[in-house]
Amino acid sequence: MKKFEKFLKTVPMKLYIIFSAIFVFTFFSNDFGLVDIQKTAIILAAGIDRTDEGFHLTAQIAVPKGSDRNSCGTASINIEGDGKTVSDCVTQIYSKTGWVPKLIFCNLILIGEETAKEDVFDGLDFFLRNEYMQDSCTVAVCEGTAKDMLTSTSALDDTSSQSIEKIFSDATQKSGTNVKNTLKDFSIGYYGRSKSSYMPFVRAFEQDCGADSGGGEGSSASGSGGGSQSASDNKGETQKKIYFANETALFSEGKMVALLGPEETFAYSLLQGKVFAGTMTAEEDGQPVTLSILSNEGKISLNTKNKPKVILSIKTKLRLYNRGVPAPIDDVSKGEISEKVKESAQERLTQYCNRLWEICKSSGCDLFQLNRDLYRTSPKKYAEWKDTILSVADLEIKLKIEKIN
């Protein structure tokens, strides 16, 4: 008994010695698995383009701007690789730089416009399989090539990818001007019964900031295998870009089949119930009136009682936000909209929804996931309508607009 009591008293000390030894061994042998910044390429964004041989990958890699107070922050360089697969491209980037590419901080995957016209999952497959890649990463199609988009110089940020990411912020989602999709949600749509999904479509516009402008200074510099400077830079001028994504690319079986305009994109945002700070323009006596959206509820439902019917429901609360003509002082203090404005808003939203449905119907994109819902509710009817539901279904639009009190 005495030996057992003595043993119990010495257990804490023995455990302390063992844990201390493990701690010291781990610290000096593995640095706790911390990333060596000198040996690692932290990829902020990736751009995918097709080539005759396979793929061209543009990786935007974060680099420190400096250690002094006047040059703090992060800039970027663009490293490019080619290969038969995206993995081959990453391997080439590794061989060019000696940096181990890390995707854990990659928040944006851009796909070139022509690349998106073929099944994009031969390119996205690498990112979906990568265990360190965030499935919440934003996916988007861009005008032209992904290389040109990522190697452009932002007028607003140090890196083009950060500037593009900002246009998908929560604030812009609430405005309804664009939609956002992630690698996870796009993959669910692609592999699901509907085999359809969407991505925002990004365009770049030149912004003349002047030769002495400091905005975006040092950003998107060319690295090993990186893109070259634009001709305008060679002339001593500063050509910088701003980015816009108020259009939406529709996908069917992984291929981009149509493009929604700003109004159809706005309608889709309303149907998703995500608009809480947006505006829309109606008319009153031939004059424009801008309305503020205070609340929004959206719903997409499928009725299969007899013939399939798609029901698009939007419920929103509006107030008068701005007139396009001078107004008397007693009108300025009022936020309530007139019946004429309400009718105009209903008419426009109905047109937007109708055009949205027609684009989905003609392109074969099951954007509303009708086949998925049909399979869940009635496998028998799914087998009957899975190939024709977009062409045979009727459309019903339900709009309810409430005026502010």
Side-chain angles (χ1 to χ4, degrees), residues 48-50 55 86 109-128 135 137-144 146 178-203 245-269 271-272 298 300-302 304 308-312 352-377 379 381-395:
I48 304 174
D49 294 303
R50 294 189 189 277
F55 294 95
V86 172
I109 300 175
L110 273 183
I111 300 174
E113 187 174 3
E114 291 300 316
T115 303
K117 293 179 180 179
E118 298 181 39
D119 192 338
V120 296
F121 254 90
D122 54 359
L124 292 179
D125 180 81
F126 168 78
F127 299 99
L128 192 61
D135 58 10
C137 173
T138 301
V139 288
V141 182
C142 67
E143 181 182 26
N178 61 41
V179 294
K180 178 182 178 181
N181 208 359
T182 63
L183 178 61
K184 175 183 177 180
D185 291 336
F186 185 85
S187 302
I188 291 173
Y190 174 82
Y191 287 109
R193 294 288 172 177
S194 294
K195 300 179 181 178
S196 299
S197 194
Y198 65 93
M199 291 186 192
F201 190 88
V202 183
R203 296 186 188 273
N246 62 345
E247 297 169 285
T248 305
L250 299 187
F251 284 79
S252 177
E253 298 184 344
K255 302 176 183 178
M256 188 176 76
V257 293
L259 193 64
L260 298 180
E263 294 171 344
E264 295 82 41
T265 298
F266 179 68
Y268 184 56
S269 296
L271 288 166
Q272 291 182 309
I300 302 163
S301 55
L302 178 64
T304 59
K309 178 192 289 187
V310 179
I311 304 170
L312 307 182
Y352 299 167
C353 289
N354 271 315
R355 291 206 300 265
L356 172 61
W357 170 250
E358 288 300 323
I359 293 173
C360 293
K361 187 176 177 180
S362 61
S363 65
C365 175
D366 188 7
L367 179 64
F368 302 136
Q369 302 296 309
L370 303 178
N371 270 321
R372 179 199 63 188
D373 295 343
L374 189 61
Y375 180 80
R376 290 175 177 177
T377 57
K381 291 183 178 179
Y382 168 78
E384 179 183 354
W385 291 332
K386 64 178 182 177
D387 297 323
T388 59
I389 189 166
L390 286 174
S391 59
V392 302
D394 293 328
L395 177 66

Do other residues, nucleotides or ligands put more than 12 heavy atoms under 6.0 Å from the CZ atom of F121?
->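 For F121, atom CZ is crowded (more than 12 foreign heavy atoms under 6.0 Å).
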Has K381 got more than 12 heavy atoms of other residues, nucleotides or ligands less than 6.0 Å from its NZ?
->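 Above 12, so yes.
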Give the ring-plane orientation class for Y268 versus F368, where under 30° counts as parallel, over 60° as perpendicular and anything between as tilted.
->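 Aromatic pair Y268/F368 classed tilted.
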Does anything in residues 354-370 pair up under salt bridge (Lys or Arg N to Asp or Glu O under 4.0 Å), and if so which pairs, sequence neighbours excluded?
->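 Every pair satisfying salt bridge (Lys or Arg N to Asp or Glu O under 4.0 Å) with a residue in residues 354-370: E263-R355, E264-R355.
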Please check if the side chain of [X] supplies one atom and the backbone of [Y] the other of a donor-acceptor pair under 3.5 Å.
{"X": "S194", "Y": "R372", "value": "yes"}
{"X": "Q369", "Y": "S196", "value": "yes"}
{"X": "T115", "Y": "R50", "value": "yes"}
{"X": "D49", "Y": "A146", "value": "yes"}

Do [X] and [Y] have side chains that approach each other closer than 4.5 Å (heavy atoms only, starting at C-beta)?
{"X": "I111", "Y": "V139", "result": "no"}
{"X": "R376", "Y": "R193", "result": "no"}
{"X": "V86", "Y": "D125", "result": "no"}
{"X": "S187", "Y": "L124", "result": "no"}
{"X": "V310", "Y": "D394", "result": "no"}
{"X": "L367", "Y": "T248", "result": "no"}
{"X": "F127", "Y": "I48", "result": "yes"}
{"X": "N246", "Y": "T265", "result": "no"}

Would D135 and T182 satisfy side-chain contact (heavy atoms from CB on, under 4.5 Å), going step by step from the backbone distance to the final call?
-> CA-CA 7 Å; D135 58 10; T182 63; over 6 Å; no
Distance-minimising heavy-atom pair for [X] and [Y]:
{"X": "F251", "Y": "V120", "value": "CE2-CG1, 3.9 Å"}
{"X": "Y352", "Y": "A267", "value": "CB-CB, 3.7 Å"}
{"X": "E118", "Y": "K255", "value": "C-CG, 3.7 Å"}
{"X": "G364", "Y": "S252", "value": "O-OG, 3.4 Å"}
{"X": "Y190", "Y": "E253", "value": "CE1-C, 3.7 Å"}

Working to the nearest 0.5 angstrom, can you tell me the gap between [X] [atom1] and [Y] [atom2]?
{"X": "I300", "Y": "W357", "atom1": "CD1", "atom2": "CH2", "result": "10.0 Å"}
{"X": "S301", "Y": "K309", "atom1": "OG", "atom2": "NZ", "result": "9.5 Å"}
{"X": "I311", "Y": "L302", "atom1": "CD1", "atom2": "CG", "result": "8.0 Å"}
{"X": "I359", "Y": "C365", "atom1": "CD1", "atom2": "SG", "result": "10.5 Å"}
{"X": "L110", "Y": "C142", "atom1": "CG", "atom2": "SG", "result": "5.0 Å"}
{"X": "D185", "Y": "M199", "atom1": "CG", "atom2": "CE", "result": "11.5 Å"}

With sequence neighbours excluded, what pairs up with E114 under the salt bridge (Lys or Arg N to Asp or Glu O under 4.0 Å) test?
->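 Listed in chain order: K117.
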Could you go through residues 385-392 and list every donor-acceptor pair under 3.5 Å that involves a side-chain atom there, pairing it with any protein atom two or more places apart or in another chain?
from : atom 1 : to   : atom 2 : distance (Å)
S391 : OG     : T388 : O      : 2.9

